[in-house]
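Input: a single structure, listed below in structure tokens.
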Amino acid sequence: RFLREAELAGKLSHPSIVAVYDVGEDYELTYLAMEYLEGENLVKYCKKGNLLPFKKALHIIAETASALDYSHRQGVVHRDVKPANIMLLKNGKVKVTDFGIAKAVSSSQTKSGVILGTPNYMSPEQIMGQKIDLRSDIFSLGVLFFQLLTGELPFHGDNLSSLLYQITQVRHPPLNYYNPKIPRPFAQIVDKALAKEPKDRFQSAGDMSRILRVLALKMDHLKKRRGT
């Protein structure tokens with residue numbers, strides 16, 4: 001798996017994906033040389049009391065979606081999109097990391113029915129051991145967006161079985177349940193990303209990114225109008 005991460009991540013060259021410079025072995029120690037990142041992951045920004053402004057959360061998800069779109073067009077599905085794997089750098093840029101369980105769409109290295117990933121962020125089809133594609137990453141990104149906006153996960157369970165049932169069968173709570181100030185377009189984007197059926201989600205991360213960027217521009221325009 002370690003070598004596959006090097007192989008897959010090494011062929012991905014994008015401003016918002018961590019760069020892999022070298023992989024090799026030295027005295028039976030396998031190493032991976034990667035780009036040094038100054039910043040921190042998103043874990044702390046997914047907690048109440050430390051949430052980012054709506055506009056910043058929008059920017060992070062748009063950048064992440066753009067990076068995933070590039071990855072998907074190279075035939076690589078990440079499969080473990082979560083706060084710990086997204087870095088917010090000191091210069092404001094975003095980096096997607098950890099392609100350790102990424103799957104080349106054309107490969108069969110990971111057998112059907114084997115669950116890999118972090119349960120809270122997995123798509124229904126990933127949980128059920130069905131064939132997955134890029135739309136599984138879009139679901140995970142929807143979970144992350146929900147968490148950045150509310151400080152809560154969209155699905156909860158007292159145990160693993162209960163959590164997996166929630167993800168596969170139960171609709172997530174509306175965003176305004178947690179914060180009525182969240183703009184309605186944000187809720188519409190989250191709802192589409194978290195659709196149970198892949199066909200009902202955004203059909204590419206690029207589509208999702210474009211809509212997020214349009215929304216950001218509209219927010220800027222509205223802010224300027226209010227300021228004049």
Side-chain angles (χ1 to χ4, degrees), residues 16 42 45-46 51-73 76-83 85-86 94 96 105 117-128 130-157 163-222:
S16 295
L42 298 181
Y45 299 115
C46 290
L51 298 179
L52 296 165
F54 294 151
K55 181 72 182 301
K56 186 66 177 178
L58 194 68
H59 166 72
I60 289 170
I61 298 299
E63 289 295 303
T64 304
S66 178
L68 291 173
D69 183 54
Y70 169 81
S71 167
H72 296 158
R73 285 187 281 108
V76 178
V77 180
H78 189 287
R79 301 206 303 168
D80 198 19
V81 175
K82 60 183 180 181
N85 288 339
I86 313 296
V94 175
V96 179
V105 175
T118 305
N120 292 104
Y121 302 89
M122 288 196 298
S123 66
E125 63 271 23
Q126 197 171 0
I127 286 169
M128 294 186 286
Q130 298 172 351
K131 185 177 180 180
I132 65 169
D133 58 24
L134 61 90
R135 295 170 295 182
S136 183
D137 281 349
I138 290 172
F139 185 93
S140 302
L141 191 56
V143 176
L144 174 59
F145 197 15
F146 188 105
Q147 201 175 13
L148 281 174
L149 294 170
T150 66
E152 296 279 355
L153 284 162
F155 307 105
H156 299 270
L163 172 63
L164 300 187
Y165 175 81
Q166 291 282 323
I167 294 172
T168 57
Q169 305 297 327
V170 180
R171 181 177 171 80
H172 59 279
L175 285 177
N176 61 15
Y177 172 80
Y178 296 104
N179 184 354
K181 293 182 179 179
I182 296 174
R184 188 164 178 267
F186 283 57
Q188 292 172 324
I189 291 168
V190 167
D191 289 349
K192 190 168 182 64
L194 290 181
K196 302 297 186 189
E197 293 290 337
K199 64 180 176 60
D200 296 326
R201 295 175 207 149
F202 295 100
Q203 294 304 291
S204 78
D207 288 344
M208 185 173 178
S209 180
R210 282 187 287 276
I211 289 173
L212 290 163
R213 293 183 196 282
V214 167
L215 179 55
L217 288 172
K218 287 185 177 180
M219 289 177 71
D220 285 341
H221 181 66
L222 186 59

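We're numbering straight along the sequence, starting at 1.
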Would you compute the distance between atom [atom1] of [X] and atom [atom2] of [Y] and round it to the nearest 0.5 angstrom?
X	Y	atom1	atom2	value
T168	M128	OG1	CE	6.0 Å
I167	L194	CD1	CG	10.0 Å
Q126	L164	CD	CG	11.0 Å
I138	S209	CD1	OG	11.0 Å
M208	L68	CE	CG	9.5 Å
L144	I60	CG	CD1	8.0 Å

Where is the tightest heavy-atom contact between [X] and [Y], given as atom of each residue plus distance?
X	Y	answer
F186	F54	CE2-O, 3.7 Å
L134	S204	CD1-CA, 3.9 Å
F202	A193	CE1-N, 4.0 Å
I189	L215	CD1-CD2, 3.8 Å

For this session: Name the orientation class of the two ring planes belonging to F139 and F155 (parallel below 30°, tilted from 30 to 60°, perpendicular beyond 60°).
Result: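 Ring orientation, 0 to 90° scale: parallel.
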
For this session: Sequence neighbours left out, what pairs pass salt bridge (charged side-chain N to carboxylate O under 4.0 Å, His left out) with at least one residue falling in residues 212-221?
Result: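 For residues 212-221, and leaving out neighbouring residues, the salt bridge (charged side-chain N to carboxylate O under 4.0 Å, His left out) pairs sorted by first residue read K55-D220, E63-R213.
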
Problem set entry | Residue pairs passing the salt bridge (charged side-chain N to carboxylate O under 4.0 Å, His left out) test where at least one lies in residues 168-193, sequence neighbours excluded |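 Found R171-D191.
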
Exercise. In chain order, what residues pass the side-chain contact (heavy atoms from CB on, under 4.5 Å) check against L51, with sequence neighbours excluded?
Worked result: none

Problem set entry | Set of side-chain contact (heavy atoms from CB on, under 4.5 Å) partners for E197, sequence neighbours left out |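 E197: side-chain contact (heavy atoms from CB on, under 4.5 Å) contacts with K199, D200.
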
Check: [Y] and [X] side chains under 4.5 Å, non-hydrogen atoms:
X	Y	answer
L175	F146	yes
V96	N85	no
K131	E125	no
K56	L148	no
I182	T150	yes
S16	Y70	no

Exercise. Are any of the side-chain nitrogens in D80 or K82 under 4.0 Å away from the carboxylate oxygens of its partner?
Worked result: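 Salt bridge present between D80 and K82.
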
Problem set entry | By side chain to side chain donor-acceptor pair (under 3.5 Å) - contacts of D69 (at least two apart) | R73

Exercise. With sequence neighbours left out, what residues match R210 under side chain to side chain donor-acceptor pair (under 3.5 Å)?
Worked result: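 Counting only residues at least two positions away or on another chain, R210 forms a side chain to side chain donor-acceptor pair (under 3.5 Å) with D207.
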
For this session: In sequence, state the C-alpha distance, the side-chain angles, and the governing distance for S136 and S123, and then conclude on side-chain hydrogen bond (donor to acceptor under 3.5 Å, both in side chains).
Result: CA-CA 5 Å; S136 183; S123 66; 2.7 Å; yes

